[in-house]
Amino acid sequence: MAITMHAHIVSAEGSIFDGTVEQVYAPGRMGELGIYPRHTQLLTQLKPGEVKLVIEEGKEQFFYVSGGILEIQPHVVTILADTAMRAKDIDTAAAEEAIKRAEEVMEGSHQGEFDYARAQIELAKAVAQLKTVEDLRRKMKGGRGRG
Amino acid sequence: MASGKEIRTKISSVQNTRKITSAMEMVAASKMRKAQEMMTSSRPYSKNIRRVVSHLMHGNPEYRHAFMGSREVKRVGMIVISSDRGLCGGLNINAFKQVMAAMHRYGQQGVEVSLCCIGSKGSSFFKRLGGKIVAEKSHLGDTPTVNAIIGTVKVMLDRYNSGDIDSLQVVYNRFKNTMTQEPVTEQILPLTAGKGDKKLDHHWDYIYEPGAREVLEELMMRYVESMVYQGIVENNACEQSARMVAMKAATDNAGDLIDGLQLAYNKARQAAITQELSEIVAGAAAV
């Protein structure tokens, strides 16, 4: 059996995942992180994006996080997410709607710098959600992972 | 002995009161379920962030955040969490008693205490007693959000950063079960290491991305917010269950009262009939 570590994904709304995994992939502020057991201690902020957990060979789970903090201890990975969702719970229609709304806001406002910045964040979040959904779908079609 | 009519009025007024208290009991019971769900769902986050912070305190960070170092305590800030409404038994008073005891203790040591009241019962209580209230927030409703308390918490953090307070504590009722709630005082700042993990005792530090300052700043903000938020949702669950218990007791007492009054009424009626009968018999004998 491969070496495993413990992963916690929690958001203010509850515990999303709590269990043993082999690998964790997370969207760090400075770039994508791939974490294996016995990683050195690390503390970083997260960008909106998808978190992939490899439970065991060929068995993966996807989550969407909208930002937060990631702590790594050699045998424990903790993700304190602002909001986290299981990828299969993400509503594609709602995400697309959010993109459309954000784009409209961006087109409409040339004067307000603040609105522009906020719209960009919203857009980034929606795009990240959609990407997670698409990845999940591709995985399911490919028949490799059972996500 | 009171006349029959007086007792009848009294009975109907107690019956009305009982209707109200039993309705309040049912409302509290349904709110309690929601409040308990909120409390249990936010517990994992606060548990995990506590663990991360405790790891951090066992490490040897390159950057010492202002919240991490302790200094001599000359002034203390206390965040007192209470309910917005009354009729919930001794819930608020038990927490206030603990605050008063702490204030008394600090007063003897010459330590100044400033208060931050969340919930209107706390602010009115300490206003009346002349406590030094520096921040106040009330009417968070049944579903408090983290956003709603950020401003209030920031007031206390700013005071900590500027040296107006040297220690920050939070007082709230911890939910044990529906029948028992216990007031607790927890120290938020400066951070305490908590129980040590033996593995963490050697010299180590995190890698920080992008930088120690930014990451720790964000972590600390979230930590404090999450501690206060957890206090609020716990207190909320306590409030609803305490109210349910108090209203159940009130409903039962009203029932007992009605039984007693009914007995008194029946006795009075019986006495009146007996008296009337004996008057008639005496009248007939006289004829």
Side-chain angles (χ1 to χ4, degrees), chain A residues 5-19 21 24-49 51 53 63 65-86 89 118 121, chain B residues 36-63 65 143-150 197 199-200 202-223 225-230 232-233:
Chain A
M5 58 187 164
H6 207 100
H8 299 275
I9 302 180
V10 291
S11 78
E13 288 93 36
S15 175
I16 311 289
F17 181 88
D18 189 341
V21 296
V24 176
Y25 294 89
R29 178 57 51 91
M30 308 287 282
E32 188 80 11
L33 288 158
I35 306 148
Y36 287 76
R38 296 192 192 149
H39 192 288
T40 181
Q41 286 98 346
L42 184 139
L43 204 55
T44 184
Q45 291 160 317
L46 292 176
K47 285 192 300 195
V51 172
L53 302 181
F63 300 89
V65 294
S66 70
I69 294 172
L70 169 76
E71 190 227 14
I72 304 173
Q73 289 285 343
H75 292 283
V76 186
V77 175
T78 310
I79 294 176
L80 303 162
D82 291 345
T83 58
M85 278 186 259
R86 283 174 188 280
D89 295 341
R118 210 173 59 186
I121 293 170
Chain B
Q36 279 183 22
E37 261 167 40
M38 269 188 91
M39 177 187 72
T40 42
S41 64
S42 67
R43 262 183 183 168
Y45 189 89
S46 83
K47 200 181 99 196
N48 277 296
I49 201 161
R50 259 177 228 223
R51 214 191 45 228
V52 172
V53 168
S54 139
H55 286 165
L56 186 69
M57 289 307 289
H58 280 102
N60 302 77
E62 56 179 63
Y63 169 76
H65 192 274
T143 49
T145 56
V146 178
N147 285 340
I149 57 162
I150 289 177
D197 192 342
K199 277 182 283 180
L200 294 171
H202 62 92
H203 194 96
W204 62 277
D205 190 13
Y206 285 110
I207 300 169
Y208 301 92
E209 285 181 6
R213 235 190 83 125
E214 291 95 323
V215 179
L216 288 183
E217 197 75 44
E218 192 176 332
L219 181 69
M220 292 301 144
M221 279 308 287
R222 269 159 217 248
Y223 173 70
E225 279 159 20
S226 144
M227 290 279 282
V228 177
Y229 179 74
Q230 187 61 27
I232 290 174
V233 291

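Every chain is numbered from 1 and lettered A, B, ... according to where its sequence line falls, protein lines coming before strand lines. Scope of the values below: all heavy atoms of this structure, side chains included, with no hydrogens, waters or symmetry mates.
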Exercise for the section: Indicate whether the side chain of B:Tyr206 and that of A:Glu71 have a donor and an acceptor atom separated by less than 3.5 Å. Expected result: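 On atom types as modelled, these side chains qualify, holding a pair under 3.5 Å.
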Heavy-atom side-chain proximity of [X] to [Y] below 4.5 angstrom:
X: A:Thr78; Y: B:Ile49; value: no
X: A:Thr40; Y: B:Ile207; value: yes
X: A:Ile69; Y: B:Arg222; value: yes

Exercise for the section: Given side-chain contact (heavy atoms from CB on, under 4.5 Å), test A:Ile79 with B:Asn48 step by step and report yes or no. Expected result: CA-CA 9 Å; A:Ile79 294 176; B:Asn48 277 296; over 6 Å; no
Identify the heavy atoms of [X] and [Y] that sit nearest to each other, and give their distance.
X: B:Pro210; Y: A:Met30; result: CB-SD, 3.5 Å
X: B:Val52; Y: A:Leu80; result: CG2-CD1, 4.3 Å
X: B:Pro44; Y: A:Gly14; result: CG-C, 4.4 Å

Problem - Evaluation steps, side-chain contact (heavy atoms from CB on, under 4.5 Å), between A:His8 and B:Arg51 - result: CA-CA 11 Å; A:His8 299 275; B:Arg51 214 191 45 228; 3.4 Å; yes
Practice task
Supply the atom-to-atom distance A:Gln45 CD to B:Tyr208 OH, rounded to the nearest 0.5 angstrom.
Solution key: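 Reported value, rounded in 0.5 Å steps: 12.5 Å.
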Handout entry: Point-to-point distance, once rounded to the nearest 0.5 Å, from CD of B:Glu218 to OG1 of A:Thr44
Key =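 OG1 of A:Thr44 is found 9.5 Å from CD of B:Glu218.
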Practice task
Between chain A and each of B:Lys47, B:Met38, B:Glu209, B:Gln230, count heavy-atom pairs under 4.5 Å; write down the option with the most.
Solution key: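 Highest number of pairs under 4.5 Å: B:Glu209.
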Exercise for the section: Check each atom of A:Leu70 against the heavy atoms of chain B and say whether the ones under 4.5 Å are side chain, backbone, both or neither. Expected result: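 Neither; nothing under 4.5 Å.
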